[in-house]
Amino acid sequence: MTSEPTYHMIIDGKKLSAPTGFEVTNPATGAVIGYAPNGQSKDLDAAVDSAARAFKTWSLITDEARCAAIRAVSAKLEEHAEELAQLMTAEQGKPLNGIGSRFEVGLLKDWAEHTASTKLPVKVIQDDETGKVELHRKPLGVIGSITPWNFPLAIAIWHVLPAIRTGNTVVLKPSPHTPLATLRMVELMNEVLPAGVINCVTCDDKSSNLGAEMSVHRGIRKIILTGSNRTGAKVMSSAADTMKRLTLELGGNDAAIVLPDVDAKAIAEGLFFGAFFNNGQACAAIKRLYVHEDVYDEVCDALAEFAGNIKTGPGTDEDSILGPLANQMQFDIVSRLVEEGAKEGRVLTGGAPGEGLFYPVTLIADLNDDNPLVQSEQFGPVLPIIKYSDIDAAIEMANRNENGLGGSIWSSDVEKARQLALRLETGTGWVNQHGMLRPDVPFGGRKKSGLGVEFGEEGLASYTDIQAVVS
Ligand code: NAD
């Protein structure tokens with residue numbers, strides 16, 4: 001072990017170590033930046049017990065008190081925003097600036113405010129001389145939150161705040177690739193929340209897989225997972241026995257369709273960041289670009305020109321716009337799929353791995369829709385471009401993928417684009433933008449991209465069960 005810090009799990013408001021820890025490395029340098037505890041079943045049991053004890057009082061305090069607590073969490077994390085952003089850049093690789101770590105930590109304020117101000121009022125179905133029927137929203141109990149490595153803090157916040165707002169308590173388990181910023185964030189949350197309301201366990205996913213154990217745990221009433229389709233399917237089948245409620249935010253292979261009436265130069269920046277924000281490691285990033293033949297060359301040229309001005313470098317360089325890939329596993333997936341794409345297509349820029357985990361922005365044109373780079377979720381700084389001549393065929397290609405998270409239509413005729421967006425089999429259809437999430441707009445996937453939604457009133461309601469009171 002090097003002298004880098006050892007982090008602790010947070011259970012019942014206290015820091016808890018494990019007999020062994022696992023290394024967390026900086027993807028920009030390969031250096032170990034700290035050790036996370038390799039938690040075991042007994043740690044998960046302790047976290048669930050602690051959350052269950054806290055639920056007894058947390059579920060009964062007033063709604064106003066819970067809203068005040070959410071605002072206190074937001075203020076506490078804001079005080080530590082720079083520390084959290086630095087830690088996330090160190091373990092995940094994303095730049096501090098731009099749509100990077102500082103932006104991600106900054107999202108908290110909007111989400112906290114929206115979560116605290118959204119209401120789930122009692123719905124009155126009947127109230128007359130023959131009787132009264134009300135629908136109440138009741139908290140579920142202990143929520144198991146399982147998060148991925150691409151947006152470690154934003155996604156944890158998106159899980160935790162609505163859960164506690166509605167009276168639940170939480171056991172959070174971050175990805176073994178990026179556990180440190182989450183552990184620190186939960187430690188800070190515990191400075192303003194009662195013990196047990198939010199607990200955090202970590203494990204290496206090799207000798208211990210607490211995510212899998214959470215899915216079958218009898219003390220957990222709901223799992224919210226943001227992760228891959230594969231993990232989502234496992235969680236869904238494991239959760240059946242205990243009839244857990246589920247929200248599954250899974251993979252995407254979002255298509256963007258460019259109509260012939262666009263100004264190629266004007267949309268290049270939006271298309272570029274729609275595809276490449278977070279280095280393409282975003283569920284709702286453009287991962288396939290279908291361009292009408294009339295504007296195909298102009299769009300390819302405008303994108304290649306825009307890409308030429310983008311700096312990829314260590315996240316701590318204040319002028320880096322994109323960082324390294326977050327881990328070796330993802331680097332290998334991207335390298336393999338780019339090889340497949342380059343065999344068939346025309347490489348406009350990039351196309352070969354860089355140093356360490358750095359991968360250059362890669363645009364590959366003239367691809368067939370069947371190419372594995374088009375059909376798989378590549379999750380990296382790569383965009384395959386496909387030419388089309390008929391809009392119905394383009395919509396069909398967009399819809400034939402098994403994922404259905406997001407999609408977008410790019411056109412100067414916004415109303416026509418809205419009508420086409422309605423034909424996409426996706427949870428969100430954007431027009432002239434892609435991937436912009438909002439706290440007031442439900443977000444989720446259709447088909448294999450998931451189950452249920454987060455955000456908005458619908459997302460908040462998913463942390464409750466309905467109880468009808470009939471008299
Ligand atoms: P992953 O599925 O490998 O891991 C996600 C989490 O699940 C991690 O915490 C992991 O430790 C845990 N896990 C591993 N095995 C498990 C098991 N058997 N049971 C329960 N949990 C288990 O995903 P990842 O590689 O960390 O993240 C990338 C994936 O997440 C991509 O597919 C991406 O599209 C998806 N994602 C989706 C959204 C969305 O909102 N739809 C957002 C971000 C990322």
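As the structure lists them, so they are numbered: ligands from 1, and atoms in each ligand from 1. Side chains included, hydrogens not; waters and symmetry mates left out as well; all remaining heavy atoms used.
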Given the options Thr178, Ile157, Leu180, Pro152 meets side-chain contact (heavy atoms from CB on, under 4.5 Å) only with Thr178
CD1 (Ile99) and CZ (Phe276) are apart, to the nearest 0.5 Å, by 12.5 Å
Item to check | N/O separation below 3.5 Å, Ser449 to ligand 1 | outcome: no
The closest protein heavy-atom partner of atom 41 (N) of ligand 1 is Leu250 O, 2.7 Å
Does Pro176 have a heavy atom less than 4.0 Å from any atom of ligand 1? yes
Ranked by distance from atom 26 (O) of ligand 1, the top protein heavy atom is Trp149 CD1, 3.0 Å
*asked:* Quick one, Arg336 with Glu339, criterion salt bridge (charged side-chain N to carboxylate O under 4.0 Å, His left out). Give me CA distance, side-chain angles, the key distance, then yes/no.
replied: CA-CA 5 Å; Arg336 179 175 55 77; Glu339 265 178 42; over 6 Å; no
Closest to atom 27 (O) of ligand 1 by heavy-atom distance, out of Gly232, Ala285, Pro148, is Pro148
closest protein heavy atom to atom 12 (C) of ligand 1 is Ile146 CG2, 3.6 Å
heavy-atom search around atom 35 (C) of ligand 1 in the protein gives Gly227 O, 3.1 Å
Closest heavy-atom approach to atom 5 (C) of ligand 1 among Thr226, Val453, Leu405, Asn150 is made by Thr226
Looking at ligand 1, is there an atom of it that comes within less than 4.0 Å of some heavy atom belonging to Gly445?
no
Among Lys234, Glu213, Glu377, closest by heavy atom to atom 18 (N) of ligand 1 is Lys234
Give the ring-plane orientation class for Trp149 versus Phe379, where under 30° counts as parallel, over 60° as perpendicular and anything between as tilted.
perpendicular
Distance col, row Asn403:CG vs Glu377:CD, nearest 0.5 angstrom, shows 6.5 Å
of all protein heavy atoms, closest to atom 28 (C) of ligand 1 is Phe379 CE2, 3.8 Å
message: For a salt bridge (charged side-chain N to carboxylate O under 4.0 Å, His left out) check, start with the C-alpha distance between Asp370 and Arg400, then their side-chain angles and the critical distance, and finish with the verdict.
response: CA-CA 11 Å; Asp370 288 327; Arg400 86 183 175 104; 2.5 Å; yes
(message) Can you tell me how the ring of Trp430 sits relative to the ring of Phe443, calling it parallel under 30°, perpendicular over 60° and tilted otherwise?
(response) tilted
Looking at Thr231, Thr202, Thr178, Asn229, the heavy atom closest to atom 22 (C) of ligand 1 belongs to Thr231
Should Glu82 and Arg102 count as an ion pair when the cut-off is N to O under 4.0 Å? yes
Checklist line | Neighbour count above 12 (heavy atom, 6.0 Å) for Lys448 NZ | finding: no
Practice item. Look at ligand 1 and say whether Leu225 reaches it with a heavy atom at a distance under 4.0 Å. Key: yes
Numbered in order shown, the ligand 1 atoms found under 4.0 Å of a heavy atom of Cys283 are 34 (O), 36 (N), 37 (C), 38 (C), 39 (C), 40 (O), 41 (N), 42 (C), 43 (C), 44 (C)
For Gly211, the ligand 1 atoms with a heavy-atom partner under 4.0 Å come out as 19 (N), 20 (C), 21 (N)
Residue, atom and distance of the protein heavy atom nearest atom 40 (O) of ligand 1 read Glu249 CB, 3.3 Å
Contact with ligand 1 for Leu210, non-hydrogen, under 4.0 angstrom | no
### Message
Are more than 12 heavy atoms, taken from residues, nucleotides or ligands other than Lys76, located less than 6.0 Å from that residue's NZ atom?
### Response
yes
Atoms of ligand 1 under 4.0 Å from any heavy atom of Phe443, numbered from 1 in the order shown, are 40 (O)
protein heavy-atom neighbour closest to atom 11 (O) of ligand 1 works out as Asp205 OD2, 2.6 Å
Check whether more than 12 heavy atoms from other residues, nucleotides or ligands sit under 6.0 Å from atom CZ of Arg165, and answer yes or no.
yes
query = Are more than 12 heavy atoms from other residues, nucleotides or ligands located less than 6.0 Å from atom NZ of Lys206?
reply = no
I'd like to know if the side chain of Lys94 pairs up with that of Asn278 as donor and acceptor (distance under 3.5 Å, no hydrogens or angles considered). yes
Near Val235 (heavy-atom distance under 4.0 Å), the atoms of ligand 1 are 19 (N), 20 (C)
Around atom CE of Met236, are there more than 12 heavy atoms of other residues, nucleotides or ligands at under 6.0 Å?
no
Near Pro174 (heavy-atom distance under 4.0 Å), the atoms of ligand 1 are 9 (O)
Per-atom filter on ligand 1: closer than 4.0 angstrom to a heavy atom of Ile155 are 42 (C), 43 (C)
Residue, atom and distance of the protein heavy atom nearest atom 8 (C) of ligand 1 read Thr147 O, 3.3 Å
Q. Would Phe151 count as a contact of ligand 1 if the rule is a heavy atom under 4.0 Å away?
A. no
